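Reviewing the structure listed below.
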2 protein chains.
Amino acid sequence: MTTAALTTGRTSQPTRPVKSSFPAIANEAGWRCHGNLWSNLQEVCELLRIPAPAASADEEQLFQHVRFKAGQRVHTIGQDFETLYIVNSGFLKTVLIDEYGNEQVLSFPMKGDLLGIDGIHNQHHASEAVALSDCDIILLPYKTFSALGRSYAELEQAMFSVMSRELVREQLMIGMLSALSAEAKVARFLTSLGERFSQLGYSGKSFNLRMTRHEIGSYLGLTLETVSRTLSAFNELGLISVDQRQIALLDIHALKTLRRLPPARARIKISEKISEKVSEKVSEKVSALVGKNLLPQWNKEVAVV
Amino acid sequence: MTTAALTTGRTSQPTRPVKSSFPAIANEAGWRCHGNLWSNLQEVCELLRIPAPAASADEEQLFQHVRFKAGQRVHTIGQDFETLYIVNSGFLKTVLIDEYGNEQVLSFPMKGDLLGIDGIHNQHHASEAVALSDCDIILLPYKTFSALGRSYAELEQAMFSVMSRELVREQLMIGMLSALSAEAKVARFLTSLGERFSQLGYSGKSFNLRMTRHEIGSYLGLTLETVSRTLSAFNELGLISVDQRQIALLDIHALKTLRRLPPARARIKISEKISEKVSEKVSEKVSALVGKNLLPQWNKEVAVV
DNA sequence: CGTGATGTTGACGTTCTTCAATAAATGTGG
DNA sequence: CCACATTTATTGAAGAACGTCAACATCACG
């Protein structure tokens, strides 16, 4: 299908808001295929969204790029930890494998994300990073990084900040996993994906999912069927449009504030009413329903000493 | 109110551990009650289970202790980040507060745990730490820590390791939250608490819970009723004995490997059978049942490229 | 001793999973 | 390029697991 073709084309190399003024290397796909690419510290910092240390141009340190094909592993559980990884392009998942060999998806890293932090402790990786599309990854050998930290105190500081950021992200994930309904989980998953895409310069309202329903379900603590059903429900309500992995967010506000969908029988009425009116009213309708089943679980908790 | 005032007063302007020629003080509880206690870097590192840097005795740095009464907050959400905290004694919870004021428990720190990491990013705390019992906390002002890191590279390295450890812990938490049944969550919660206690030199088999059923439920993504019922079920099965907050773990192996309990009607038969036999057989019985409902959710996932 | 916080237990309902059947998409080898 | 197998996605029906509501018991604390 056209969709499919478009999708693959896009995942492998989306048109990039390039900062073309770079002298050494421009981030263009064509340049890479014949060999490796290298990035300097400044590029790395930019990618990680941390302030670059004032470059002392003499001791210019370069970092190697490595390409992974979809399905390949960047690192595996138990593997010796030697290097951190920064995603320059492509999409991945990180997973935990439990005692029975089942995957538990922990995150879906993309451009600008840092991989491998979990290996610092124990010198072994606790999780596994798998490429969901072809990826371009920058190697940041931990020894090199440590040495650099000694020269640039800001760098060390920035790395603490990145790790802290990651920790907060996981905390929010924990909160979401234990407190939200299936619908709310899926809704937030979609909006947060959208936000990440738009931060990278892509459309935050229309994008392709790089992962299967199963992987989404694992990430959110749901079954793939529940994910599929929830997406279908959102689609019927006009909150999103979904065709396989092609997603368009139609009512981001409703998705963000949604806590629980009305029961199916009530929903039918709504969509009937919708068909009578202009579709712009959907947002209001749904918003009105949002907040009905508020505080189903922790509502008795009051944050007072 | 008084609490709030106290909290703010204390956290907003903690007395700084100045470089003072204070004599080193032994960690005896009695010595503290009339005033503050101070710890040197070596004690701090010991507490954090990281290698202490070879002490250059001249620039001996001391860190102040602060005591918190049960219910007081060590830091609150949004508060400016100035210092890290190390638990020297006592029990706490860290919580997130959602948009409706509901608490989400993230962890139950105890002796040797590091608090406040989430504040490094953004310079504001993303979570709240509340004392569940009277606590003795060591202040580790971030500025001081950063400065020390410049002198002792190992210290910085160790701090990366601690943060990585924390990250891995949270990853495992995510895995547990999304993959396990209520029974398995409670069982693992108990055994992991036991392990932490025994690492601290207390009994790992018999201890007091410092938190309410509600807090456990929040931590595990369950309601307080489910927690209570599950504990009762374990009690009936002879896996634990529970009386209010006093817990004794009777069959740790079964608790660790348990995935799902047999339905209540089946359970009755078991306990009848048990009463006929010696209670030592409980473990085998339950173990036999464990593994029945294996792989209910992610079992079709195969980790192959 | 009484009051509020905490814990237990039951009955019931809803959400989500499980199982199953089918369809659509993707990849493979001829 | 087409048949084929494989993976992925959709949808339905049935039931289990867990949450909700409620009543009561117990504990902690002033």
Side-chain angles (χ1 to χ4, degrees), chain A residues 1-5 7-8 70-71 132 178-186 208-218 220-236 242-247 259-266 292-302 304-305, chain B residues 70-71 132 178-186 208-218 220-236 242-247 259-266 292-302 304:
Chain A
M1 292 313 224
T2 36
T3 309
T7 303
T8 0
L132 294 178
S178 45
L180 297 190
S181 68
E183 288 109 356
K185 286 178 182 176
V186 174
N208 266 281
L209 298 175
R210 282 11 195 256
M211 62 296 281
T212 67
R213 304 288 193 260
H214 186 161
E215 287 162 340
I216 298 173
S218 171
L220 298 176
L222 302 171
T223 57
L224 65 95
E225 292 97 331
T226 301
V227 173
S228 180
R229 268 187 262 269
T230 305
L231 289 175
S232 298
F234 287 170
N235 187 50
E236 277 180 34
V242 51
D243 173 42
Q244 298 289 121
R245 297 197 181 177
Q246 181 63 41
I247 299 277
R259 291 222 105 194
R260 202 169 283 275
L261 245 34
R265 54 187 178 285
K292 273 214 166 154
N293 280 335
L294 292 185
L295 324 181
Q297 193 164 171
W298 319 114
N299 47 338
K300 288 140 202 159
E301 177 82 21
V302 187
V304 174
V305 186
Chain B
L132 294 179
S178 45
L180 297 191
S181 68
E183 289 109 355
K185 285 177 183 176
V186 175
N208 264 285
L209 298 175
R210 296 334 203 277
M211 62 296 281
T212 67
R213 304 289 193 259
H214 186 161
E215 286 161 340
I216 297 174
S218 171
L220 298 176
L222 302 171
T223 57
L224 64 94
E225 293 96 332
T226 301
V227 173
S228 180
R229 268 187 262 268
T230 306
L231 290 176
S232 298
F234 288 171
N235 188 49
E236 277 180 35
V242 51
D243 173 42
Q244 298 290 121
R245 298 198 180 177
Q246 181 63 42
I247 299 276
R259 292 222 104 195
R260 202 169 285 274
L261 245 35
R265 54 188 178 285
K292 274 212 166 156
N293 280 336
L294 292 185
L295 325 181
Q297 194 164 168
W298 320 114
N299 47 337
K300 286 137 204 161
E301 178 82 21
V302 187
V304 175

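The structure presented is a predicted model; accordingly, all values stated were derived computationally and were not measured. Per chain, numbering begins at 1; letters A, B, ... match sequence-line order.
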Q. In whole angstrom, what separates R213(A)'s CZ from dA23(C)'s P?
A. 19 Å
Q) In whole angstrom, what separates I216(B)'s CD1 from dG19(D)'s P? A) 14 Å
Q: For DNA chain C, list all stems, counting runs of three or more consecutive pairs where every pair is Watson-Crick or G-U wobble with both distances under 3.5 Å.
A: C:1-30 with D:1-30
Q: Whole angstrom is fine here: how far is it from CD in E183(A) over to P in dT14(C)?
A: 14 Å
Output a table of nitrogen or oxygen pairs between the protein and nucleotides 23-30 of chain D separated by less than 3.5 Å.
none

Q) Where is the tightest heavy-atom contact between A184(A) and R259(A), given as atom of each residue plus distance? A) CB-O, 3.7 Å
Q. Checking Q246(B) side chain against D243(B) main chain: does a donor-acceptor pair fall under 3.5 Å?
A. no
Q. What's the CD-P distance between E215(B) and dG7(C), to the nearest Å?
A. 8 Å
**Q.** Backbone N/O of L224(A) and side chain of S228(A): donor-acceptor pair under 3.5 Å
**A.** no
Q. Does any non-hydrogen side-chain atom of V242(A) lie less than 4.5 Å from one of F234(A)?
A. no
(Q) Is there a side-chain contact between E215(A) and L132(A) in this structure, where contact means two heavy atoms from C-beta onward sitting under 4.5 Å apart? (A) yes
(Q) Using whole Å, what does the distance between atom P of nucleotide dT17(C) and atom CG of L180(B) come to? (A) 14 Å
Q. Under 3.5 Å, is there a donor-acceptor pair between the side chain of T230(B) and the main chain of T226(B)?
A. yes
(Q) Give me the atom names and distance for the closest heavy-atom approach of R213(A) to Q244(A). (A) NH2-O, 2.7 Å
Q | For atom CZ of R259(A) and atom P of dT15(C), their distance in whole Å | A | 14 Å
Q: Ignoring hydrogens and angles, tell me if any N or O in the side chain of E236(B) forms a donor-acceptor pair with the backbone of A233(B) under 3.5 Å.
A: no
(Q) Using modelled atom types and a 3.5 Å cut-off, is there a donor and acceptor pairing between side-chain atoms of R210(A) and backbone atoms of N208(A)? (A) yes
**Q.** Exam field: side chain S178(B) to backbone L222(A), donor-acceptor pair closer than 3.5 Å
**A.** no
Could you run down the sub-3.5 Å N/O contacts of the protein with nucleotides 9-13 of chain C?
unit_1, atom_1, unit_2, atom_2, d
dT9(C), OP2, S232(B), OG, 2.6
dG10(C), N7, R229(B), NH1, 2.7
dG10(C), O6, R229(B), NH2, 3.3

Q) Whole-Å distance between dT8(C) P and R245(B) CZ? A) 10 Å
**Q.** Euclidean distance, atom NE2 of residue H214(B) to atom P of dT20(D) [Å, nearest integer]
**A.** 11 Å
Q | Out of dT8(D), dT17(C), dG7(C), whichever nucleotide has its closest atom nearest the side chain of T212(B) | A | dG7(C)
Q. Going by heavy atoms in the side chains, are H214(B) and V227(B) under 4.5 Å from each other?
A. no
